[in-house]
Novice: 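Here you go, one structure.
Numbers restart at 1 for each chain; the letters A, B, ... are given by sequence-line order, proteins then strands.
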Amino acid sequence: MSSQEQGSGATTSELAVRRAKLEQWRARGIEPYGGRFDVTHRSSDILRVADARTREELEEQRLSVKVAGRLVARRGHGKAGFAHILDQDGQIQLYAKSDAIGQDQYEAFELLDIGDWIGVSGYVFKTNRGEVTVHIEQLTLLGKALQPLPEKWHGLRDVETRYRRRYVDLIVNPPVREAFILRSKVIQSMRRHLDAQGFLEVETPTLHTVAAGAAAKPFRTHHNALDMPLTLRIALELHLKRLIVGGMERVYEIGRVYRNEGISTRHNPEFTMMELYAAYMDFQDIMKLTEHLIEQIAVDVRGGTDLAYDGQVVHLKTPWRRAHMVDLVREQTGVDFFALQTLAEARDAARTHGIEVLPSHGFGHIVNSFFEEKVEHTLFQPVFVYGHPVEISPLAKRSVQDPRFTDRFELFIVGREHGNAFSELSDPIDQRERFEAQLQERALGNDEAHEMDEDFVLALEYGMPPTGGLGIGVDRLVMLLADQPSIRDVLLFPLMRTQE
RNA sequence: GAGCCAUUAGCUCAGUCGGUAGAGCACCUGACUUUUAAUCAGGGUGUCGAUGGUUCGAGUCCAUCAUGGCUCACCA
């Protein structure tokens, strides 16, 4: 094996055959990596036009088309042959006949390999069996494939190869292509509905000097010219709220965030968040906004609100259930944290129920641990869980009823968190204290506690209107709507360890 | 980070008790002018993930490593 063939997929001989064909094309005076091609129809356009006509009508009209795509199947019959090409919309059959296109063009047709990009011009007809087919009049090689494609029947199953060579996965596994088209539609729909409500889409920095806005370990990097440490953002939150201070009353951003943490079926180091902030709203308003947004997206991309997920049915018809975190914990465990007043009581309850308590854990952390351990996985149908403890919510406004808790909610669907929202903390003095409490946690060993963001506190000192904010994990929403069990199935290029 | 599982032809997979590797598709040669996973005749193209070990002999047994998957941990 020569060095340039190292690591390639195919056997030396199959590669050699295709390389030889490359030279045969050149010998015919044809450059195998061609130039532009005027496409008049996608495969779906041809099917739509032809389906509306009978065989006889098509024969009379001789509708001319130019279509391009990747050769994915071919069946030769001596001096004639059929083929299928795949374009972004799907497949269309081609028919080549030596009598009609001449010996030279027919030899070219026979020289093609599965995987080659071609353009054809011809006319549309229906075969004896009724399949809409383009009768080739002119064949153009647009791009030679040197690697063979996986098998037509079983496709590509090997999960590792599917992720590492997503381009092959997209070619041979149609449901994969559909899932990513759906992803695009989800984001499109999200934008449309937010834009319609007067939200302004903005872009904020991904290189941050302070890793705040979420509890997560950041990626660290460095700017050479300024000789300055930087982190990749772990959230969009604090910059978007600065814009609220600046008087941009409704803003949102759909963007990548980065967290230097474990990888699982629900976590990738980089993922897509949508965060929005709306002046004069509170977390109750955001609940309504959230459920309607997701309901509308589901209708847009799935045509309804009852969705199959993992063999069960999720009902996304609004309104959704609202439940206080403490009430849910009481339902599942009988422990009523409204009634417990001291940290000691909470620790006792945790010991009784086998909940681990770390030294840095306060009352609120214990409530949260109960929720995560005992409740979270039970929440299959959509539910807004509200009233998170203040200790785990350093950016949320305290609840007027009980200042140990906040006006915050998380949205759970299929046992997973899909969104996080609150009435934003706008009191700069309280905000500074919350950051300081986070720094103390950090000192006690929680390296995911927030860092102090002095400039953000300064912004709040200029005055922020009452504001409701929301973050939605876009990847998880796509997983839900596409009925995919792993985040890697909705990320085109999930992070993989490098080989060798 | 831990446990379990997987890794054999380009792809999808067999491979029994340890005896020097097989099928289908793809590919190659030939036949065939409306096929549909086209068909017919012929051809096996391989560092059995890697490295050690046990053995007369290892795809198979053992150890280590690599990569991946799942579960757990982590991750609001």
Side-chain angles (χ1 to χ4, degrees), chain A residues 1 8-18 20-21 55 72-84 91 93-101 106 113-115 125-131 133 135 145-165 168 172-173 214-217 234-235 259-269 271 325 356 364-365 367-369 371-372 376 385 388-389 391-396 408-412 416-422 447-450 471 473 485-488 494 496-500:
Chain A
M1 214 181 242
S8 65
T11 59
T12 306
S13 73
E14 188 150 1
L15 284 177
V17 166
R18 287 179 178 242
K21 286 182 179 175
R55 284 186 78 183
V72 289
R74 187 169 47 155
R75 298 171 292 280
H77 293 272
K79 296 281 182 260
F82 289 89
H84 275 95
Q91 295 192 10
Q93 182 167 255
L94 308 177
Y95 179 62
K97 192 160 76 164
S98 178
D99 294 350
I101 59 175
Y106 194 74
D113 282 316
I114 302 294
F125 74 106
K126 288 185 182 175
T127 64
N128 291 338
R129 301 280 281 270
E131 180 163 351
T133 303
H135 197 298
L146 296 179
Q147 292 285 351
L149 290 179
E151 198 217 315
K152 61 187 169 189
W153 193 240
H154 297 94
L156 180 63
R157 295 265 178 83
D158 182 81
V159 179
E160 184 176 356
T161 310
R162 285 187 45 225
Y163 295 153
R164 289 192 191 276
R165 302 186 191 177
V168 179
V172 300
N173 293 327
K217 292 176 207 142
I234 57 175
R259 297 186 182 177
N260 206 340
E261 291 164 354
I263 296 176
S264 79
T265 51
R266 293 165 297 283
H267 301 86
N268 193 68
F271 61 102
M325 180 181 278
E356 191 190 5
H365 295 105
V367 177
N368 187 53
S369 294
F371 174 75
E372 288 182 358
E376 208 174 289
V385 178
H388 294 61
E391 293 95 322
I392 61 162
S393 312
L395 303 167
R408 171 183 177 187
F409 72 79
E410 287 181 304
L411 169 61
F412 285 87
R416 287 200 285 264
E417 186 206 336
H418 278 75
N420 180 25
F422 23 94
D447 54 1
E448 280 154 16
H450 289 230
S486 170
I487 196 170
R488 296 182 202 99
M496 303 285 276
R497 206 183 291 265
T498 51
Q499 285 178 310
E500 305 283 302

Novice: Can you check the A:Gln147 CD to B:C27 P distance for me, whole Å?
Specialist: 14 Å

Novice: Can you check the distance between B:U51 and B:C40, where both ends of the measurement are the P atom (answer in whole Å)?
Specialist: 41 Å

Novice: Whom does B:C65 pair with, Watson-Crick or G-U wobble, provided both distances fall under 3.5 Å?
Specialist: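 The answer is B:G49, by the H-bond criterion.
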
Novice: Using a 4.0 Å heavy-atom cut-off across all strands, classify A:Thr161 as base, sugar-phosphate, or nothing.
Specialist: nothing

Novice: Look at the rings of A:Phe82 and A:His77 and say which category their plane angle falls in: under 30° parallel, 30 to 60° tilted, over 60° perpendicular.
Specialist: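 Perpendicular.
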
Novice: Is it the case that A:Arg157 and A:Asn173 place a side-chain donor and acceptor less than 3.5 Å from each other?
Specialist: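 No donor-acceptor contact under 3.5 Å links the two side chains.
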
Novice: Step by step, work out the side chain to side chain contact (heavy atoms under 4.5 Å, CB included) result for A:Gln93 and A:Arg75.
Specialist: CA-CA 11 Å; A:Gln93 182 167 255; A:Arg75 298 171 292 280; 2.7 Å; yes

Novice: Output, in order, the C-alpha distance, side-chain angles, deciding distance and verdict of side chain to side chain contact (heavy atoms under 4.5 Å, CB included) for A:Glu417 and A:Leu411.
Specialist: CA-CA 6 Å; A:Glu417 186 206 336; A:Leu411 169 61; over 6 Å; no

Novice: Could you work out which one of B:G10, B:C11, B:U35 sits closest to the side chain of A:Pro150?
Specialist: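 The listed nucleotide nearest to A:Pro150's side chain is B:C11.
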
Novice: Of all the choices, B:G10, B:C28, B:U33, which nucleotide is nearest to the side chain of A:Pro148 once you look at every atom?
Specialist: B:G10

Novice: Taking atom C1' in both B:U39 and B:C48, what distance in whole Å separates the two?
Specialist: 34 Å

Novice: Please give the distance between the P atoms of B:U55 and B:U67 as a whole number of Å.
Specialist: 31 Å

Novice: Round to a whole Å and report the spacing from CZ of A:Arg157 to C1' of B:A6.
Specialist: 16 Å

Novice: Calculate the interatomic distance between A:Arg266 atom CZ and B:C72 atom P; express it in whole Å.
Specialist: 7 Å

Novice: Let me know, please, whether A:Arg18 or A:Thr127 comes out on the 5' side of the other along RNA chain B by nearest nucleotide.
Specialist: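 Between the two, 5'-proximity favours A:Arg18.
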
Novice: Tell me which nucleotide among B:C70, B:A38, B:G10 gets nearest to the side chain of A:Arg488.
Specialist: B:C70

Novice: Both A:Glu151 and A:Ile114 contact RNA chain B. Taking the nearest nucleotide for each, which residue is further toward the 5' end?
Specialist: A:Glu151

Novice: Can a salt bridge be assigned to the pair A:Arg162 and A:Glu160 using a cut-off of 4.0 Å between side-chain N and carboxylate O?
Specialist: no

Novice: Which whole-number value in Å describes the distance from A:Leu146 CG to B:A26 C1'?
Specialist: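 Computing the A:Leu146:CG to B:A26:C1' distance gives 16 Å.
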
Novice: For A:Asp99, which contact category applies under a 4.0 Å heavy-atom criterion: base, sugar-phosphate, or nothing?
Specialist: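 Result for A:Asp99 = base.
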
Novice: With the side chain of A:Arg164 defined as its heavy atoms from C-beta on, choose the nearest nucleotide among B:G68, B:U33, B:C28.
Specialist: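 Between B:G68, B:U33, B:C28, the one nearest the side chain of A:Arg164 would be B:G68.
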
Novice: Taking 4.0 Å as the cut-off, does a side-chain nitrogen or oxygen of A:Lys152 come that near to OP1 or OP2 on B:C27?
Specialist: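 The answer is no; no side-chain N or O of A:Lys152 sits under 4.0 Å from OP1 or OP2.
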
Novice: Mind checking the P distance from B:A21 to B:U35? Whole angstroms is fine.
Specialist: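 B:A21 and B:U35 have their P atoms separated by 43 Å.
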
Novice: What does A:Arg497 touch in the nucleic acid at a heavy-atom separation under 4.0 angstrom: a base, only the sugar-phosphate, or nothing?
Specialist: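 Sugar-phosphate only.
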
Novice: Whether A:Lys217 and A:Glu448 form a salt bridge (side-chain N of Lys/Arg under 4.0 Å from carboxylate O of Asp/Glu) is what I want to check.
Specialist: yes

Novice: Of all the nucleotides listed (B:G69, B:U36, B:C70), which has the minimum atom distance to the side chain of A:Ser486?
Specialist: B:C70

Novice: With heavy atoms under 4.0 Å as the rule, sort A:Gly81 into base, sugar-phosphate or nothing.
Specialist: nothing

Novice: Assign A:Tyr163 to base, sugar-phosphate, or nothing according to its heavy-atom contacts below 4.0 angstrom with the strands shown.
Specialist: sugar-phosphate

Novice: Counting only side-chain heavy atoms from C-beta out, which of B:U36, B:U33, B:A26 sits nearest to A:His84?
Specialist: B:U36

Novice: May I ask you to say whether A:Lys79 pairs ionically with A:Asp99, meaning some side-chain N is under 4.0 Å from a carboxylate O?
Specialist: no

Novice: Counting side-chain heavy atoms from C-beta on, which of B:U12, B:U35, B:A76 comes nearest to A:Leu156?
Specialist: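 So the side chain of A:Leu156 is nearest to B:U12.
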
Novice: Does A:Arg75 make a side-chain N or O approach to OP1 or OP2 of B:A37 shorter than 4.0 Å?
Specialist: no

Novice: Just call it for A:Gln93: base, sugar-phosphate, or nothing, with non-hydrogen atoms closer than 4.0 Å on any strand.
Specialist: base

Novice: Report the nucleotide, chosen from B:U35, B:C28, B:A26, that has the shortest atom-to-atom distance to any side-chain atom of A:Phe82.
Specialist: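 Nearest nucleotide to the side chain: B:U35.
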
Novice: Could you please name the option among B:C13, B:G68, B:C74 that lies closest to any side-chain atom of A:Lys217?
Specialist: B:C74

Novice: For A:Asn268 and B:G69, what is the distance between atoms CG and P respectively, to the nearest whole Å?
Specialist: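 Going from CG in A:Asn268 over to P in B:G69 covers 11 Å.
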
